[in-house]
Protein chains: 2
Amino acid sequence: MINSELDTTDIEILKLLQRDASLTNKEISFKLHKSIATIHERVKRLKEQGYIQRVVAILNRKKINRSLIAFSQVLLNDHTADTLNTFEQEVIKFDEVMECFQMTGTFDFILRIATSDMEAYHSFYRNKLATLPNITTVQSFFVLSETKSDTAYPL
Amino acid sequence: MINSELDTTDIEILKLLQRDASLTNKEISFKLHKSIATIHERVKRLKEQGYIQRVVAILNRKKINRSLIAFSQVLLNDHTADTLNTFEQEVIKFDEVMECFQMTGTFDFILRIATSDMEAYHSFYRNKLATLPNITTVQSFFVLSETKSDTAYPL
DNA sequence: GTTGAAAGACCTAGTGA
DNA sequence: TCACTAGGTCTTTCAAC
């Protein structure tokens, strides 16, 4: 049991919706041998309680000209609250930055950058990322191939 | 223009559905000042042509006991097709591995690992990841805080 | 917590403009 | 591309178990 608030039915619903959120309540009720009203009630509660944050469409990035994914490791000059906050506030404004995590270890932040190609990445780097204050180093690694990319957590 | 197959309306639809795929065609038609029939036709085509890969529920990982995210950089002994293929085939079987990318640079793969806590990560590392053949080194970095985490590509 | 039923909203395909 | 139609499906609520 993951959480005292969730029973087996809740977990099964989350498993299904993580994989395919276009399933109707009717389809879920059939799979789980419950009534439609029960599924409806559970899904509503799971959304209200914040287990389900949002429902999104996942696009094929190669078809929308976002073929290049980079992971950029950023090291800052210092770690005052002010420096950290400023960096975070500014970096999340860039469209190309899909993710930003503060990390343990030999660098401060890891960014996932999505651009069309290396030229666009270079432009992002020179004209956006490198203009932010207090950056010591940026080390970038590029995705050669995608072996697995999943948004569903194991439950 | 991103792609000759897509016009402004298509792009706007993709932007909206990337953020919130629970929008009805009626709501989208109102936002974009188009008819429901047009939106219906476009969305259907965008799914058929593979622009929209799938629709998923994004869960709050902290509420489902997946609080710890690690990025692990893996270096292999050699880069024969056999070694690469074996590693990829095996590593994607692990539930904890949400993403696996082959990378340019000083290591071969980057993995995104989701576990409940450091103990669970350690168990994953010792009993699963480290048992795979031909691994030279694994360097892991842990997420301290999530500044931005988005599945939507800029369009 | 669960159920079935019922009303209303939405989807979907088709027609014609 | 749009407006309209109509049948079928789904959502949502509610009284009752």
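Predicted, not measured: the structure shown is a model, and the values here were computed from it. Quick note on labels: first sequence line is chain A, next is B, and so on, each numbered from 1.
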Checklist line | Check: B:I92 and B:V97 side chains under 4.5 Å, non-hydrogen atoms | finding: no

Next item on the list: Using a cut-off of strictly less than 4.0 Å, decide whether A:K44 has a side-chain nitrogen or oxygen near OP1 or OP2 of D:dT13.
Entry: yes

Notebook entry, point to check: Can a salt bridge be assigned to the pair A:K62 and A:E146 using a cut-off of 4.0 Å between side-chain N and carboxylate O?
Noted result: no

Next item on the list: Just say parallel, tilted or perpendicular for the rings of A:F142 and A:Y121, cut-offs at 30° and 60°.
Entry: perpendicular

Note to self: Once you measure the plane-to-plane angle for A:F101 and B:F71, does it fall in the parallel (<30°), tilted (30-60°) or perpendicular (>60°) bin?
What the structure shows: tilted

Notebook entry, point to check: Going through the distances and angles, do B:D82 and B:T80 end up as a side chain to side chain donor-acceptor pair (under 3.5 Å)?
Noted result: CA-CA 5 Å; B:D82 207 37; B:T80 61; 5.7 Å; no

Next item on the list: Identify which one of B:D108, B:T136, B:T137 satisfies the side-chain hydrogen bond (donor to acceptor under 3.5 Å, both in side chains) criterion when paired with B:N77.
Entry: B:T136

Margin query: Check A:K15 with A:D10, please: is the shortest side-chain N to carboxylate O separation under 4.0 Å?
Written below: no

Margin query: Whole angstroms only, please: what is the CD-C1' distance between A:E27 and D:dT11?
Written below: 14 Å

Item checked: Range on DNA chain C touched by chain B - first to last nucleotide, heavy-atom distance under 4.0 Å -> C:dC10 to C:dA13

Next item on the list: State, yes or no, whether a side-chain contact exists between B:V43 and B:I39 at a heavy-atom distance under 4.5 Å.
Entry: yes

Checklist line | Length of the line joining A:L23:CG and D:dT11:P, which is rounded to integer Å | finding: 10 Å

Next item on the list: Any chance you could measure B:L144, atom CG, to A:M103, atom CE, to the nearest 0.5 Å?
Entry: 7.5 Å

Next item on the list: For A:E48 and D:dT12, give me the distance from atom CD to atom P, rounded to whole Å.
Entry: 11 Å

Item checked: Rounded (10°) bend between the five-pair end axes of the helix from C:dG1-D:dC17 to C:dA17-D:dT1 -> 20°

Checklist line | Atom pair distance, as rounded to whole Å: CG in A:N25 and P in D:dT11 | finding: 4 Å

Notebook entry, point to check: A:E96 and A:T115: side-chain donor and acceptor closer than 3.5 Å?
Noted result: no

Margin query: Please report the distance, rounded to the nearest Å, between NZ in B:K26 and P in D:dT11.
Written below: 16 Å

Note to self: Please report the distance, rounded to the nearest Å, between CD in A:E41 and P in D:dT11.
What the structure shows: 14 Å

Check: How many angstroms lie between atom OH of B:Y125 and atom OG of B:S72, to the nearest 0.5 angstrom?
Finding: 8.5 Å

Enumerate all atom pairs, one protein N or O and one N or O from nucleotides 2-7 of chain D, separated by less than 3.5 Å.
| from | atom 1 | to | atom 2 | distance (Å) |
| --- | --- | --- | --- | --- |
| D:dC2 | OP2 | B:T38 | OG1 | 2.2 |

